[in-house]
Protein chains: 2
Amino acid sequence: MVRRNGLGDGRPKRPTLETVAARAKVSRATVSRVVNGDAAVSPEVRENVLRAVKELGYVPNAAARSLATRRTDTVALVLSIPRPDDALTAAVVQYVTSVLEGAGKQITLMLADTSESHRRIVRHVEAGLSDGVVLLPTDGADPLAERLARTDVPLVLLGRPAISSLVPYVDADNTGGAAAATEHLLRQGRRHIGLVCGPTHLVAVQDRMAGHRDTLQRAGRLPHVALAGDTAESGAAALTRLLSDERRLDAVLATSDHLAIGVLRAAAEAGRRVPDDLAVVGFGDIEAAAYTTPALTTVRTPASDQAMALARLMLSRLEGRHATPVVLPARLVTRSSG
Amino acid sequence: MVRRNGLGDGRPKRPTLETVAARAKVSRATVSRVVNGDAAVSPEVRENVLRAVKELGYVPNAAARSLATRRTDTVALVLSIPRPDDALTAAVVQYVTSVLEGAGKQITLMLADTSESHRRIVRHVEAGLSDGVVLLPTDGADPLAERLARTDVPLVLLGRPAISSLVPYVDADNTGGAAAATEHLLRQGRRHIGLVCGPTHLVAVQDRMAGHRDTLQRAGRLPHVALAGDTAESGAAALTRLLSDERRLDAVLATSDHLAIGVLRAAAEAGRRVPDDLAVVGFGDIEAAAYTTPALTTVRTPASDQAMALARLMLSRLEGRHATPVVLPARLVTRSSG
DNA sequence: CTGTTAGCGCTTTCAG
DNA sequence: CTGAAAGCGCTAACAG
């Protein structure tokens, strides 16, 4: 029977620098140099050391190194619990992780949902557990970002912060995406375009609203806005309200695909054919968007698209190589709904 | 202009135990005790220390603590890059993280896609960076699991390993789920039931196949199996083959919802009405399953359902409190497709 | 109940 | 190019 240790048990003894040094008949310092590919070490000595390392299966102890260098090579990836099906967050996490690992960093995943968790995150950083933070969009992200910025650890945000600050961020062009969607609708000759928008405290939603409104305005059209939550149900309810306000409504842009799916449903119930009577455009291009009937036309956010590029941009900001914000283009994916 | 440090810069000087001790006029040991809520310390001294801690904003240095205790309170969460829209993995990650954080652990996220990454993971563990590993299903999970098991760090798998070992795991009842789905179809009087199955090297797929086959066998029915990949397209192709082999086919179970979605599509193209002519049942209950036409009947895996319970079970195994495998029930979600 | 004393394993001047 | 020595900040016996 294999002995299995509990979490708190500690580990069996592993070789240390000392062991390797003895074996290679050199000093610890020299081994350290070799292991870190650091200073100049004579080839023969290096050979010896490397052999000893291999033979002993030596792996440097991270805690000791970290204590001495005051670095951890760890980046905290902070996110909130998204909808369990939030593919966007999943993709971002994947790519950010992949890029960071490629750069030799560890990734510590942290959830930022409660204020308790905010405290934990700040403590974590102050305990020196990470030397960089990537903050994905969260409800209370802004205050958290401010607190983290004060700790002096490099920080990069995904998504423009509500209050502008010096913290670098990477964002999708929500404004441009909404504008493109609206133009698309206008080009089709749609004259009464409604907007179903999600939680307005989200900066992304605000930006989408702005892009829509401005485009409409430039075209000399009146906006029709209905506020909603972020579920299909609330999207459906919003369409119902929109229709009762304006019977001639012939197009709807929703600020999320979930809302759009609800709009689709409500349209069917109201006896409006999509896209003939009513064009429907969503935002985000979630997976389900391709499976609705009719398939949803939507704005694809770079996060679900160029997530890799985005991750790299974040990393370069973490490393202090750039501090300017980046906005990645969003593009319209035309399917059957509008 | 705020000075922003690069990742490698280190941090400004923070107070240490020493500082706090001086301020509270006690020894470092005492401060340590207070901070760790550890031994018995007289109330007044504790007060003093706590005040000093607060005033100085002291936060213990994790590396130093880890070096001294040989623990990290960190658990590595290892996953492979799933389909970018893999909600299941996302949910599991969320809940495992949440539970572990609740238990005061850090979570290090690691990707296990390449053999290079396997090496990195083993090194990570050997460097003492984590004192527990949660391994989510991955293509090469088994060899990795074996290597990790040899490092003596507590390990728990999500999903039964292909080759049985002593490593504890938590899994969904794939066999039972497939059996339930098949019985459901049989009860409807379906007589020619096909199986569209995904990558057969996946243990979960094997289990689903087995549950289906056995149930069919007990009912004295012949199986009709078509192999597929994991995309909707391959599911569609599989149905086409199934239909050409057996025109009377009146039901299909797919081992994943993605496949089932393809089946739905192909059924429509073949002019079979679902569920009248052909019942279709998926597996997994992904989000899109609710939005297909008709809405997909499917087997809900606990991971997308009782993910929280699952996470807790994993934790208790990591802590060595249990070493037995757990299999969580899967249940049929009946919608319109079958 | 509290202080003293050793380390934990690695990096990093500083000499040589 | 290499070694000696001094920590990094904390915990854990062991005395008292």
Side-chain angles (χ1 to χ4, degrees), chain A residues 8-50 52-53 56-74 123 126-129 131, chain B residues 8-50 52-53 56-74 123 126-129 131:
Chain A
D9 286 5
R11 219 67 38 51
K13 210 159 185 62
R14 318 204 80 268
T16 73
L17 259 198
E18 191 79 49
T19 330
V20 179
R23 175 121 185 183
K25 302 194 191 315
V26 294
S27 71
R28 269 154 46 192
T30 300
V31 179
S32 175
R33 288 177 186 121
V34 172
V35 168
N36 293 301
D38 214 34
V41 178
S42 80
E44 45 233 275
V45 172
R46 145 170 286 118
E47 279 302 297
N48 274 330
V49 172
L50 287 177
V53 165
L56 293 164
Y58 169 73
V59 175
N61 176 300
R65 173 177 286 171
S66 170
L67 181 56
T69 58
R70 311 165 132 286
R71 291 184 299 102
T72 58
D73 289 323
T74 295
R123 267 186 75 86
E126 287 179 338
L129 280 159
D131 34 38
Chain B
D9 286 4
R11 219 65 38 52
K13 209 157 186 65
R14 318 204 78 267
T16 73
L17 262 197
E18 191 79 51
T19 330
V20 179
R23 175 120 186 182
K25 300 193 193 314
V26 293
S27 71
R28 268 154 45 192
T30 301
V31 179
S32 175
R33 289 176 186 120
V34 171
V35 168
N36 293 301
D38 213 33
V41 177
S42 81
E44 46 233 275
V45 172
R46 144 169 286 118
E47 278 302 296
N48 273 330
V49 173
L50 287 178
V53 165
L56 293 164
Y58 168 73
V59 175
N61 175 301
R65 172 178 286 171
S66 170
L67 182 57
T69 58
R70 312 165 130 286
R71 291 185 298 103
T72 58
D73 290 325
T74 294
R123 267 187 75 86
E126 287 179 338
L129 279 159
D131 34 38

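Lettering of chains follows the sequences in order, A, B, ..., and the numbering in each one begins at 1. Heavy atoms only: backbone and side chains are in, while hydrogens, waters and symmetry mates are out. This is a predicted model, so every value here is computed, not measured.
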Can you name the nearest heavy-atom pair linking B:Thr72 to B:Leu129, along with the distance?
OG1-O, 3.6 Å
For [X] and [N], give me the distance from atom [atom1] to atom [atom2], rounded to whole Å.
X: B:Leu67; N: C:dC8; atom1: CG; atom2: P; result: 9 Å
X: B:Glu44; N: C:dC1; atom1: CD; atom2: C1'; result: 11 Å
X: A:Arg70; N: C:dT12; atom1: CZ; atom2: C1'; result: 13 Å
X: A:Asp73; N: C:dC10; atom1: CG; atom2: P; result: 15 Å
X: A:Glu126; N: D:dG9; atom1: CD; atom2: P; result: 15 Å
X: B:Lys25; N: C:dG3; atom1: NZ; atom2: P; result: 12 Å

Side-chain (B:Thr69) to main-chain (B:Arg65) donor-acceptor, under 3.5 angstrom
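Checking the backbone N and O of B:Arg65 against the side chain of B:Thr69, a donor-acceptor pair under 3.5 Å is found.
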Comparing nearest nucleotides in DNA chain C, the 5'-proximal residue of the pair B:Val26, A:Ala63 is B:Val26
About how many Å separate OG1 of A:Thr16 and CG of A:Asn61, when rounded to the nearest 0.5 Å?
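Rounded to the nearest 0.5 Å, the CG-OG1 separation comes to 9.5 Å.
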Any chance you could measure A:Arg70, atom CZ, to A:Asp131, atom CG, to the nearest 0.5 Å?
12.0 Å
Select one nucleotide: of C:dC10, D:dC10, C:dT2, the one nearest the side-chain heavy atoms of B:Asn61.
D:dC10
Quick check on C:dG3: is either OP1 or OP2 less than 4.0 Å from any side-chain nitrogen or oxygen of B:Ser27?
yes
Just to confirm, is there a sub-4.0 Å distance from OP1 or OP2 of D:dT2 to any side-chain nitrogen or oxygen of A:Ser42?
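Answer is yes, contact under 4.0 Å.
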Run through B:Val45, B:Asn48, B:Val20 and flag the one making a side chain to side chain contact (heavy atoms under 4.5 Å, CB included) with B:Val31.
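Single side chain to side chain contact (heavy atoms under 4.5 Å, CB included) partner of B:Val31 among B:Val45, B:Asn48, B:Val20: B:Val20.
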Residue from B:Val49, B:Val34, B:Val41 passing side chain to side chain contact (heavy atoms under 4.5 Å, CB included) with B:Val26:
B:Val49
What is the per-nucleotide protein-contact pattern of nucleotides 11-16 of chain D, from the 5' end, where B denotes a base atom under 4.0 Å from a protein heavy atom, S denotes such proximity for sugar-phosphate atoms only, and - denotes neither?
BBB---
